[in-house]
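As structure tokens, the structure follows; a few thoughts come after it.
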Amino acid sequence: MAAALPMKPGKVGVEEAAETVHRIRITLSSKNVKNLEKVCADLIKGAKDKRLKVKGPVRMPTKVMRITTRKSPCGEGTNTWDGFELRVHKRVIDLHSPSEVVKQITSITIEPGVEVEVTIADV
Amino acid sequence: MGQKINPLGFRLGITQNHRSYWFANKKYSKVFEEDKKIRDCIELYVQKHIKNSSNYGGIARVEIKRKTDLIQVEIYTGFPALLVESRGQGIEQLKLNVQNILSSEDRRLRMTLIEIAKPYGEPKILAKKIALKLESRVAFRRTMKKAIELAKKGNIKGIKIQIAGRLNGAEIARVEWAREGRVPLQTIRARINYCYYAAQTIYGVLGIKVWIFQDEE
């Protein structure tokens, strides 16, 4: 039953008693799926290396923002339309770990174009 | 007859990268405005300090990447010696200017100068050179031919230049273009670089469009 907790009491240190385990939610958003998946994979690998309990990347539905305009500057001609869209992809990763470790992990993997938001819900 | 889509936008996912690469949700318009201000500031700096009758700056493009609390501005230039001030200061002055413009939150700014190997293989630099010549009233056909010669020195597979407006000061405006090699605009996997630049002459504005076909894939 103690095996369910990620931080085993094996590591006896001076500050060990002060580090409480938080439920940490990392939300990653981006316009680019490849970069996003890469950052996800890096974060999860980093967390697994430190033997934290990780709830894998939950993929939120993609938000598509569509702007549909007439191609023509005047009203003449066949009605041709431009359909521009911007896709926002969102992934959520849950960790159980003290906040310092999380700061370490998130500081390593930052790619341009991916927004990382960390919220801490105290258990 | 149809109209042509901008070849840069056409290839954005595939052979072309975004020039500004960041993500913003609620503050999209503010970040966008900041990007524009940075680019304007760089353009202004080049015009004031570097441009004179024989130079024209030579900046091909400015790429802006943002991470949380770091703004990375990469200036691709064909002639870095012009931008680096003597006395070994580098681009300190430019960096200061840009930093003043940014709403000073705690964000670091990193500005790097990247040199392009064959500057006349970049359409923006070529277009600016043509504009300079046209503004000093050189005959446009000769300018186009010379520009094509310059570009061919790099290894490109095709180039097309189009100039529109009051050519040679004529009363009736027209469009003239010159092409060398092949420029397959319909092929998405062809890496085509494009630029539009307006030359301000005493007769009005001459629009210069340059397409350069670099390689396939």
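The model shown is predicted, which means the values in this text are computed figures rather than measured ones. A, B, ... follow the sequence lines: proteins, then strands. Residue 1 opens every chain.
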Query raised in the report: Side chains of A:Asn32 and B:Tyr21: does their closest heavy-atom pair fall under 4.5 Å?
Result: yes
Query raised in the report: Which bit of A:Leu36 is near chain B, if near means a heavy-atom gap under 4.5 Å: side chain, backbone, both or neither?
Result: neither
Query raised in the report: For B:Phe23 and A:Gly113, which heavy atoms make the closest approach, and how far apart are they?
Result: CB-O, 3.4 Å
Report task. Could you tell me which non-hydrogen atom of B:Ala24 sits nearest to which non-hydrogen atom of A:Glu115, and how far apart they are? Result -> CA-OE1, 4.3 Å
Query raised in the report: So how far is it from A:Glu117 CD to B:Asn25 CG, rounded to the nearest 0.5 Å?
Result: 8.0 Å
Report task. Flag yes if more than 12 heavy atoms outside A:Lys63 fall under 6.0 Å of its NZ atom; otherwise flag no. Result -> no
Requested in this report: Verify the neighbour count for atom CD of B:Gln186: are there more than 12 heavy atoms of other residues, nucleotides or ligands below 6.0 Å?
Outcome: no
Query raised in the report: Near B:Lys160 NZ, under 6.0 Å, is it more than 12 heavy atoms from other residues, nucleotides or ligands?
Result: yes
Query raised in the report: In terms of heavy-atom proximity below 4.5 Å to chain B, should A:Asn35 be classed as side chain, backbone, both, or neither?
Result: side chain
Query raised in the report: What do you reckon, is OH of B:Tyr196 surrounded by more than 12 foreign heavy atoms closer than 6.0 Å?
Result: yes
Report summary line: A:Lys31 and B:Trp22 have their tightest heavy-atom pair at CE-O, 3.4 Å
Query raised in the report: Just wondering, more than 12 heavy atoms not from A:Arg70 lying within 6.0 Å of its CZ?
Result: yes
**Report entry** Within 6.0 Å of CD1 in A:Ile67, more than 12 heavy atoms from elsewhere
**Finding:** no
